[in-house]
Amino acid sequence: MPRRHGKLVLNAFFMRFGHHPAAWRHRSATGNGRPDVGYWTRLAQRAEDAKLDTFFLADFIGRSGDDLDTISRQGGSFQFEPVTLLSAIASLTRNIGLVATINTNFSEPYNVARLLSSLDHVSGGRAGWNVVSSLNPATAKNFGLDAPPSHSDRYERADEFLDVVKKLWDSWSDDAFDAPDRPANRFFDPKNAFPVKHRGEHFSVDGLLDVARPLQGHPVIVQAGNSDTGREFAAKVAEMTYSSAQSLDVAREYYSDVKSRAAKYGRDPEDVIITPGLSVLAARSDAEAQEAFAELQEGIDFRHSLNFFGVDLSGYPLDGPLPELPEVENGKGRARQLVELARRENLTIRQLVLRFAVSRGHLQAVGSPKTIADTIEAWWEQGGADGFNVVPPLLPRGFDDFATLVIPELRRRGLARREYGPGTYRDRLGLRRPVNRHLEEAGPLAAE
């Protein structure tokens, strides 16, 4: 299938020390647990130097106070609120897209609309929103939710939430504030304002956004979901998906399924960019990379790595089979992938931790630049991905090695960009600029 996007879409998704659960204990790890804006800014600048499309920040909001011993062993989990951090990073970068994760269960549409519109203006048109509706009991308690909504109810809320946010972004024409008429005492022409009057099942909004329409029209909408409900939501609203798959067959099935569903919503399949996670550890040779990965694996504390999607397996034999797991409400798609992998390859719980938990369910690519580039190219050419979310198990070394060793090989093959093109974040992704729903044609793109 020819791609409108032309090159691989490459996003950087970083955790404080890396995605591997033992990364914070590695001999190369530096720094303490305090949030460090300089550290994150340097990582974003490295990603921009490598000409990646996106700097992506997750947000695992809320912590339980019930089991401090377990929480105390989870390094790297206590970090910045994403929009605040990305606003700081925006001032020290110029081209890379800035995607913030915001959970629709713990905010209001108006707050999110103004936060992301502000970030889009601050960054010169580089904002994106990773729309998540995940919820676990520990998080719910932080917000006083004694009876958390079901999986399907959360997606219904998220759907309405996103609709209201888009209405608020469209409550002004693009040029509403471009020509204040001082002699006439008219700051804006009322015909350029479109008040929102929304009455829905979850939200009631009446008014105007107090920030100008985003430079991109709407920030780029990103969504992560592997369940059937998540796939349907992605087909309906996502412009880029963050998915997980550990084999090409699984990736191709997801890719084909989500893109085929887009038509029912009047969307071109190429309006949805599919970017599975890529847990990558590169070195000069395959042997060197495998040796480095083995060192990371040795740091896993199996006493505290046996909770899969809220199910505690510590009472089962580590070298025994995976027991039957109950249906989970959070992470349905990935939980299903975990069980299918265990059954298909007859893995023990220990092997499952080493295969699935350390990569968070993503493709593991460990090897030389050629080995890793071969894998990336195969997924690209055989319909498994439009690009990847690069999730290094170890930072900063893991990304530095990817940037210096693998990126040049991808460029040699014509897969990765050498320079940024002009325009906004969505322009560089090859995505259409949303037309204001109140106008027949979009107004001129504002520039800063």
Side-chain angles (χ1 to χ4, degrees), residues 3-15 18-19 43-58 86 89 93-99 126 128 130 220 222-224 238-245 248 251 255 270 272-282 359-360 362-367 369-421 423-431:
R3 292 173 170 84
R4 181 190 308 137
H5 316 295
K7 305 287 184 187
L8 277 168
V9 173
L10 292 174
N11 308 321
F13 173 16
F14 297 149
M15 299 292 285
H19 282 258
L43 285 177
Q45 289 172 328
R46 289 175 182 180
E48 185 168 74
D49 288 343
K51 305 299 184 291
L52 267 64
D53 291 276
T54 310
F55 187 74
F56 177 104
L57 285 179
L86 289 176
I89 289 172
T93 55
R94 297 185 61 185
N95 295 291
I96 196 165
L98 305 172
V99 172
R126 293 187 283 136
N130 178 38
V220 173
V222 184
Q223 189 266 349
E239 295 174 293
M240 183 157 61
T241 71
Y242 173 40
S243 56
S244 64
L248 179 55
Y255 186 99
E270 285 303 290
V272 187
I273 302 171
I274 307 294
T275 56
L278 177 69
S279 178
V280 59
L281 196 155
S359 65
R360 303 178 187 269
H362 298 304
L363 168 66
Q364 285 184 349
V366 179
K370 181 182 183 304
T371 295
I372 294 171
D374 284 348
T375 299
I376 290 173
E377 188 170 22
W379 282 45
W380 161 265
E381 290 187 341
Q382 296 178 43
D386 294 314
F388 292 91
N389 285 304
V390 180
V391 291
L394 184 66
L395 285 172
R397 168 185 158 187
F399 181 73
D400 289 342
D401 290 340
F402 176 79
T404 59
L405 298 175
V406 180
I407 290 289
E409 178 63 18
L410 293 175
R411 287 174 179 157
R412 188 186 68 78
R413 301 181 187 205
L415 294 173
R417 70 155 57 91
R418 296 180 181 274
E419 296 294 339
Y420 288 107
T424 65
Y425 175 42
R426 71 168 49 248
D427 290 333
R428 285 189 280 271
L429 290 174
L431 295 171

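All figures in this text were calculated on a predicted structure; none of them were measured in a lab.
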Which atom names give the shortest non-hydrogen contact between [X] and [Y], and what distance separates them?
X	Y	result
H362	L278	CB-N, 4.4 Å
A47	A12	CB-CB, 4.1 Å
A44	I89	CB-CG2, 3.6 Å
A238	V272	O-CG2, 3.7 Å
G421	R428	O-NH1, 3.1 Å
R412	R418	N-NH2, 4.2 Å

Under 4.5 Å between any side-chain heavy atoms of [X] and [Y], yes or no?
X	Y	answer
T54	F13	no
E48	F55	no
Y425	V99	yes

message: For E377, give me all partners under side-chain hydrogen bond (donor to acceptor under 3.5 Å, both in side chains), at least two apart in sequence or on another chain.
response: R413

field: Partner set under side-chain hydrogen bond (donor to acceptor under 3.5 Å, both in side chains) for T93, not counting sequence neighbours
entry: R126

Working to the nearest 0.5 Å, report the span between [atom1] of [X] and [atom2] of [Y].
X	Y	atom1	atom2	value
T375	K370	OG1	NZ	9.5 Å
I273	L429	CD1	CG	4.5 Å
L10	L410	CG	CG	6.5 Å
F388	W380	CZ	CH2	10.0 Å
L57	L86	CG	CG	4.5 Å
I407	R417	CD1	CZ	10.0 Å

Salt-bridge criterion met for K7 and D53 (N-O under 4.0 Å): no

Under the side-chain contact (heavy atoms from CB on, under 4.5 Å) test, residues paired with N389 that sit two or more places apart: N11, Y242, T275

task: Please name all residues satisfying side-chain contact (heavy atoms from CB on, under 4.5 Å) with L248, sequence neighbours left out, ordered by chain then number.
output: R252, W379, Q382

message: Please enumerate all residues that pass salt bridge (Lys or Arg N to Asp or Glu O under 4.0 Å) together with R94, with sequence neighbours excluded.
response: none

task: Could you verify whether a donor N or O on one side chain and an acceptor N or O on the other, from T371 and D374, lie under 3.5 Å apart?
output: no

Throw together a table of side-chain donor-acceptor distances under 3.5 angstrom for residues 392-404, partners on residues two or more places apart or in other chains.
from : atom 1 : to   : atom 2 : distance (Å)
D400 : OD1    : R46  : NH1    : 3.4
D400 : OD2    : R46  : NH1    : 3.1
T404 : OG1    : D400 : O      : 2.8

